[in-house]
Amino acid sequence: MPKSKKVILNSVQLQHHPKLITLLSGDVFSLSVLPTIHMLTIEQVQLILDSPPIPVARNSSYGTCEQLVDMPLLDLQRIQPSYQKLIAPLLINKKAEPALTALTLIKPTLVYQDQKRLPEMLHHLICTSKAHGFSTLSKKRFSELAQLSPSAIRAKIVRGGMSKQPFIAKKNRQQGARKDPCGNAMKTKQRLISSFTLEYHPMVASILSDEITVQFTPYVVEQLHEHEIQLLLQTLTLHVIASTSDHYLLLMPEPLFALLREHPCAQSQKVSLCVHPSSDNNIEQTITTLMLTLPALQYNYQSSSLKILATRLDTAKSNPALSSISLPKKNRLALLARVSPSAIRTPTHKIVNNDDKDLSHE
């Protein structure tokens with residue numbers, strides 16, 4: 001079981017694990033310059049840093065922590081003028097290889113369909129936020145964060161719909177109090193998924209009204225192994241406000257959690273809750289940061305995930321240094337991403353728009 005620890009960001013030396021460096025050696029991002037985040041407050045930057053924790057493994061020889069997944073947003077946060085105040089949540093793993101497979105190969109496939117539709121989802125969320133009078137950044141600002149043209153953030157009809165049903169669950173304890181950079185008390189808990197219930201915060205529900213998103217089919221969760229479920233759940237942080245001791249209001253949708261909790265073994269696993277104070281005066285800013293700003297910042301690093309997956313698979317198969325990593329088959333990754341296996345191909349081939357071949361309804 002990985003150990004969770006919170007440290008001051010500038011007090012820890014973070015380097016990429018050698019096997020991660022090799023695995024990502026063929027990755028190509030279209031990002032030419034880092035997007036500016038000067039318009040964000042220190043509280044917003046901290047929220048982004050808290051979502052999700054940073055998976056690492058300790059290198060006892062050098063006294064450093066080695067990252068097990070690439071997190072380009074850390075570079076943005078380190079150049080923030082007040083980054084010395086930021087608190088970094090670490091997830092310390094004893095073994096690197098299982099986490100490398102789950103986080104660099106399995107997780108990107110599970111979030112692919114939502115990530116692909118992010119521009120139109122952003123359009124919907126911006127429109128509904130403004131319609132309800134919530135203060136948020138302009139479409140131009142979000143396009144800068146996502147490194148997109150403003151015209152790319154537009155409505156598009158897609159199949160599927162967001163379920164508004166509350167999540168089911170029951171009871172446990174364990175918690176640790178901390179403060180965000182502004183001094184507001186926040187608590188982090190590890191709780192059994194079967195020990196509590198969730199529903200959307202009213203403000204979140206109003207923003208999500210009529211949002212069109214991807215529905216997972218039962219066979220997707222059936223493709224996941226128990227150890228993968230455990231590793232993926234450990235990398236999630238649910239931002240909530242406590243309604244009662246066993247019931248929480250969710251401050252942002254988390255489709256991956258909604259999928260993982262459907263697996264039979266998930267109810268015996270724990271997930272991290274970041275419990276915001278019920279008296280939070282900045283709840284509107286908290287919700288819009290989690291639901292709009294964070295996804296916009298993440299978009300450019302994940303928008304070519306199928307080509308990147310193909311490159312990583314080729315690199316892992318051809319490099320002796322990665323022989324100890326257990327690799328999933330391309331067909332299995334395609335099932336998880338709900339695409340044709342031919343869509344997972346390296347960018348050296350002629351590009352045909354197979355990425356849009358959605359198999360979730362076949």
Side-chain angles (χ1 to χ4, degrees), residues 29-31 35-37 39-40 44 48 51 108-165 200-217 220 239 250-259 284-307 337-340 343 351-362:
F29 294 108
S30 59
L31 195 65
T36 178
I37 56 172
M39 78 287 290
L40 304 181
Q44 289 176 299
I48 292 167
S51 309
T109 64
L110 294 173
V111 301
Y112 169 70
Q113 292 291 341
D114 278 314
Q115 192 65 27
K116 179 176 131 182
R117 291 167 168 82
L118 181 65
E120 55 263 31
M121 288 182 183
L122 268 179
H123 176 271
H124 172 81
L125 296 176
I126 292 169
C127 290
T128 53
S129 295
K130 289 181 177 179
H132 287 89
F134 303 144
S135 176
T136 186
L137 298 176
S138 65
K139 181 191 287 191
K140 185 173 185 243
R141 286 294 193 188
F142 281 121
S143 69
E144 291 171 357
L145 294 177
Q147 302 283 280
L148 286 168
S149 164
S151 62
I153 301 177
R154 61 183 184 272
K156 181 180 177 182
I157 297 175
V158 294
R159 296 177 293 178
M162 170 73 73
S163 171
K164 294 290 178 59
Q165 296 301 316
Y200 289 126
H201 186 282
M203 188 180 295
V204 175
S206 64
I207 294 175
L208 286 176
S209 60
D210 301 321
E211 181 186 0
I212 302 172
T213 189
V214 177
Q215 289 285 8
F216 288 103
T217 48
V220 174
H239 290 266
L250 199 57
L251 301 184
M252 67 179 293
E254 184 47 80
L256 183 55
F257 176 72
L259 167 69
E284 182 178 315
Q285 183 185 77
T286 297
I287 289 173
T288 55
T289 298
L290 292 171
M291 291 185 64
L292 287 90
T293 308
L294 174 61
L297 279 168
Q298 291 175 329
Y299 175 73
N300 199 277
Y301 303 108
Q302 300 174 349
S303 57
S304 300
S305 58
L306 295 186
K307 292 186 281 289
R338 284 140 290 149
V339 298
S340 165
I351 300 301
V352 179
N353 194 20
N354 283 344
D355 288 11
D356 291 330
K357 187 174 181 182
D358 190 336
L359 304 185
S360 59
H361 293 270
E362 292 186 3

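Between the NE2 atom in H201 and the CE atom in M291 there is a gap of 11.5 Å [rounded to 0.5 Å]. The structure places CG of L125 at 10.5 Å from OG1 of T288, a figure rounded to the nearest 0.5 Å. The line from CD of Q285 to CZ of F134 is 14.0 Å long, rounded to the nearest 0.5 Å.
Across all their heavy atoms, S143 and S149 have their closest contact at CB-C, 4.1 Å. For I207 against H124, the heavy-atom pair with the smallest separation is O-NE2, 3.7 Å. Residues L290 and M252 share a closest heavy-atom pair of O-CE, 3.5 Å. Across R154 and S151, no two heavy atoms sit closer than the pair NH1-O, 2.9 Å.
Put simply, the side chain of L306 does not reach to within 4.5 Å of the side chain of T109, judged on heavy atoms. Contact check for L110 versus V220: side-chain heavy atoms found under the 4.5 Å cut-off. Looking only at side-chain heavy atoms (C-beta outward), L292 and I126 come within less than 4.5 Å of each other. The side-chain heavy atoms of L251 and Y200, taken from C-beta on, include no pair separated by under 4.5 Å. Counting heavy atoms from C-beta on, the side chains of I48 and L40 come closer than 4.5 Å.
Counting only residues at least two apart or in different chains, side-chain hydrogen bond (donor to acceptor under 3.5 Å, both in side chains) contacts with residues 125-142 comprise R141-E144.
For A131, there are no side chain to side chain contact (heavy atoms under 4.5 Å, CB included) partners at least two apart in sequence or on another chain. Every residue meeting the side chain to side chain donor-acceptor pair (under 3.5 Å) condition with T289, not counting sequence neighbours, appears here in chain and number order: Q44. By the side chain to side chain contact (heavy atoms under 4.5 Å, CB included) test, A146 pairs with L148, A296, Y299, sequence neighbours left out.
Residues S51 and H239 bring a donor and an acceptor atom of their side chains to less than 3.5 Å of each other.
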Problem set entry | side chain to side chain contact (heavy atoms under 4.5 Å, CB included) between Q113 and V339, worked out | CA-CA 9 Å; Q113 292 291 341; V339 298; 3.7 Å; yes

